[in-house]
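We use all heavy atoms of the structure for the numbers below, so side chains are in, but hydrogens, waters and symmetry mates are not. Every chain is numbered from 1, with letters handed out A, B, ... down the list of sequences. Given the structure is predicted, the values throughout are model-derived calculations rather than measurements.
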Amino acid sequence: MFATPDWTAARKALARWYRGAQRDLPWRRTSEPYPIWVSEVMLQQTRVAAALPYYVRFLERFPTVEALAEAPEQELLSVWSGLGYYSRARNMQKAARQVVALGGFPRTFEGLRALAGIGDYTAAALASICFGLPHAVLDGNVMRVLARLLADPGDVTSPTTRRRLAAAAQEFLHRRHPAEHNQAIMELGALVCLPREPDCPRCPLRPHCHAHAEGRAREFPVKLRKQEKVEVALTVFVVERAGKLLLWQRPEGGGRMAGFWELPSADSLPGAGAHEVLRRFRHTITHQVHDVCVRRASIARAPRGFTWVALARLREMPLSTIARKALGERP
DNA sequence: GACTCGTGGGA
DNA sequence: TTCCCAAGAGT
């Protein structure tokens with residue numbers, strides 16, 4: 001269907017490039033499963049720059065898989081607070097308990113894949129980076145690099161295209177150096193084969209790239225799906241009394257941002273006497289754009305479901321980012 | 001297969 | 001400002 005690249009020459013060029021160009025990142029200074037796992041989960045749909053400070057703090061607070069397994073959930077969530085995709089944190093604790101019960105990390109792809117929150121990508125990443133097993137990763141970077149290399153016109157959000165690219169990734173994999181190869185192709189996607197502006201002149205795979213040969217690198221990968229945004233107006237109240245703030249906690253069982261603390265909203269606290277507007281801001285969660293208005297308010301007594309929380313304790317609680325912004329904190 | 005889940009940064 | 005997106009996984 002498409003011209004097949006010279007995989008042997010391409011993987012050699014990629015390896016040479018990676019040896020000179022790779023960034024010095026903390027999780028690249030070890031091959032221990034625990035810290036690598038933490039980094040892989042944090043980096044899911046998250047940029048390196050955003051994850052870095054969280055990574056350092058997380059490992060200080062939970063230096064071992066045992067420490068994570070035993071951590072109080074509120075403490076775990078408060079460390080993760082601000083990073084997003086909070087089910088990642090809850091799944092990590094589930095997985096940590098699975099690992100402790102097993103007596104250590106599984107050393108096979110299938111074993112890793114069976115842990116909570118570990119899908120095909122993370123299982124392949126851990127299997128290759130920690131244990132040298134020949135499993136190719138397929139993430140957004142790899143899909144972009146391969147879609148361009150092959151000038152694959154398929155929609156990368158479709159499973160059919162993903163299967164085809166996964167097969168290509170496995171064929172491309174350097175079977176004797178899977179750890180370096182997997183990180184190299186992702187690093188290429190992150191530093192050179194960029195989504196909007198591919199830096200083809202600096203790309204070691206340029207001689208092998210079908211899309212570049214046709215002058216169409218920026219036309220790949222093809223993505224069809226786009227979701228519509230919905231506007232949501234939200235008024236939240238800052239109700240303060242004697243150094244305490246009125247908050248409510250989302251149910252811990254599940255759902256979006258389970259266990260997180262929120263400010264009262266105009267809907268949930270109808271009896272409040274609303275005063276001046278403290279600030280306004282916009283905050284997007286997935287496809288919902290919240291137009292948030294923050295007002296000071298007062299109330300006779302805390303209604304059912306609300307809790308007075310000492311301001312000094314806020315720092316150690318998982319506060320939603322909307323609440324943080326509403327209080328004027330840096331998210 | 002389609003949807004949902006967060007957030008911050010860059011073009 | 002708005003849009004797209006970044007080392008995905010679960011339902």
Side-chain angles (χ1 to χ4, degrees), chain A residues 22-23 25-28 35-55 77 80-92 94-95 112-126 128-129 135-145 155-163 166 169 179 181-191 193-198 218 221 223-231 250 254-260 281-291 318-325 330-331:
Chain A
Q22 64 172 292
R23 291 168 290 180
L25 300 170
W27 46 85
R28 289 193 176 148
I36 301 276
W37 172 51
V38 172
S39 75
E40 291 300 342
V41 175
M42 284 193 173
L43 289 168
Q44 289 169 8
Q45 301 291 288
T46 307
R47 295 173 196 280
V48 166
L52 255 173
Y54 285 86
Y55 176 80
L77 292 178
W80 202 276
S81 171
L83 194 54
Y85 285 129
Y86 299 99
S87 62
R88 290 186 295 180
R90 282 188 295 272
N91 282 333
M92 278 190 85
K94 270 190 217 164
L112 292 161
R113 181 67 178 76
L115 298 174
I118 294 191
D120 290 338
Y121 164 77
T122 306
L126 294 181
S128 61
I129 296 172
H135 294 272
V137 295
L138 186 68
D139 72 333
N141 290 308
V142 179
M143 285 195 286
R144 186 168 59 255
V145 170
D155 171 15
V156 292
T157 64
S158 88
T160 307
T161 305
R162 289 188 187 211
R163 273 193 294 276
H181 178 93
N182 277 336
Q183 294 183 83
I185 189 170
M186 290 191 284
E187 192 79 333
L188 187 70
L191 299 182
C193 195
L194 304 170
R196 308 205 187 189
E197 289 284 324
R218 52 172 48 72
K223 277 188 196 178
L224 294 185
R225 196 181 67 212
K226 58 185 80 169
Q227 49 195 2
E228 203 150 311
K229 304 236 167 183
V230 181
E231 194 94 7
R250 290 176 173 277
R256 184 160 60 85
M257 301 191 69
F260 275 73
F281 61 90
R282 290 165 72 80
H283 180 79
T284 306
I285 299 179
T286 308
H287 65 283
Q288 294 180 3
V289 183
H290 295 269
D291 202 343
L319 209 56
S320 78
T321 297
I322 285 184
R324 249 176 237 293
K325 287 181 175 177
R330 210 185 305 285

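Within 4.0 Å (heavy atoms only), A/Ala116 reaches sugar-phosphate atoms of the nucleic acid but no base atom. Nucleic acid contact class of A/Met42 (heavy atoms, under 4.0 Å, all strands): none. Among the protein residues, A/Asn182 comes within range of no part of the nucleic acid, since none of its heavy atoms lies under 4.0 Å from any strand. Within the 4.0 angstrom heavy-atom criterion, base atoms lie near A/Trp27. Residue A/Leu83 is classed as a base contact, given a heavy-atom separation below 4.0 Å to a base. Contacts of A/Arg28 with the nucleic acid, taken as non-hydrogen atoms under 4.0 Å apart, include base atoms.
Checked against side-chain hydrogen bond (donor to acceptor under 3.5 Å, both in side chains), A/Arg196 has no partners two or more places apart in sequence or in another chain. Among residues two or more places apart in sequence or in another chain, the side-chain contact (heavy atoms from CB on, under 4.5 Å) test is passed with A/Glu231 by A/Arg282, A/Val289, A/Asp291. Every residue meeting the side-chain contact (heavy atoms from CB on, under 4.5 Å) condition with A/Ala123, not counting sequence neighbours, appears here in chain and number order: A/Phe109, A/Leu112, A/Arg113, A/Ile118. Scanning for side-chain hydrogen bond (donor to acceptor under 3.5 Å, both in side chains) contacts around A/Ser39 gives an empty result, with sequence neighbours left out.
Between A/Gln44 atom CD and B/dG6 atom P the separation is 13 Å, expressed in whole Å. Atom-to-atom, CZ of A/Arg88 to C1' of C/dA9 comes out at 10 Å; the value is rounded to the nearest Å. Rounded to whole Å, the distance from CG on A/Leu138 to P on C/dA6 is 14 Å. Nucleotide C/dA9 holds its C1' atom 14 Å from the CG atom of A/Asp139, rounded to whole Å. As rounded to whole Å, 8 Å separates atom P of B/dG6 from atom CZ of A/Phe260. Going from atom CE of A/Met92 over to atom P of C/dA9 covers 12 Å, rounded to whole Å. Separating the NZ atom of A/Lys229 from the P atom of B/dC3 is a distance of 16 Å, rounded to the nearest angstrom. Rounding to whole angstrom units, CD of residue A/Glu40 and P of C/dA9 are separated by 9 Å.
Side chain of A/Arg218 to backbone of A/Pro198: no donor-acceptor contact under 3.5 angstrom is found. Side-chain atoms of A/Gln22 never come within 3.5 Å of backbone atoms of A/Glu187 as a donor-acceptor pair (strictly under, hydrogens ignored).
Remark: the A/Thr46 side chain and the B/dG6 base include a donor-acceptor N/O pair separated by less than 3.5 Å.
Comparing the same atom, P, in C/dA9 and in B/dG8 gives a spacing of 22 Å after rounding to whole Å.
Using a 4.0 Å cut-off, no side-chain N or O of A/Thr284 falls inside it from OP1 or OP2 of B/dG6. Regarding contacts with the backbone of B/dG6, every side-chain N or O of A/His283 stays at 4.0 angstrom or more from both OP1 and OP2. A/Thr321 has a side-chain polar atom (N or O) that falls below the 4.0 Å cut-off from OP1 or OP2 of B/dT7.
Residues A/Arg256 and A/Arg163 both approach DNA chain B. Their nearest nucleotides, taken by heavy-atom distance, put A/Arg163 toward the 5′ side. Along DNA chain B, the nucleotide closest to A/Pro159 and the one closest to A/Tyr85 are compared, and the more 5′ of them pairs with A/Pro159.
No side-chain N or O of A/Arg256 forms a donor-acceptor pair with one of A/Thr286 less than 3.5 Å apart.
The side chain of A/Pro195 approaches C/dC5 more closely than any other nucleotide in the set C/dG10, B/dG1, C/dC5. For A/Lys223, the listed nucleotide lying nearest its side chain is C/dC5; candidates were C/dA9, C/dT2, C/dC5. Proximity note for A/Tyr121 (side chain, C-beta onward) versus C/dG10, C/dA9, B/dG6: the nearest is C/dA9. Here the side chain of A/Gln45 is nearest to one of B/dT7, C/dA6, B/dC5, namely C/dA6. When the nucleotides B/dT7, C/dA6, B/dC5 are ranked by their closest atom to the side chain of A/Tyr86, B/dT7 comes out on top.
Listed by first and then second residue, the salt bridge (Lys or Arg N to Asp or Glu O under 4.0 Å) pairs involving residues 44-53 of chain A amount to none (not counting sequence neighbours).
Atom CG of A/Leu138 sits about 7.5 Å away from atom CZ of A/Arg162, to the nearest 0.5 Å.
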Sub-3.5 Å pairs of nitrogen or oxygen atoms, protein against nucleotides 9-11 of chain B:
none

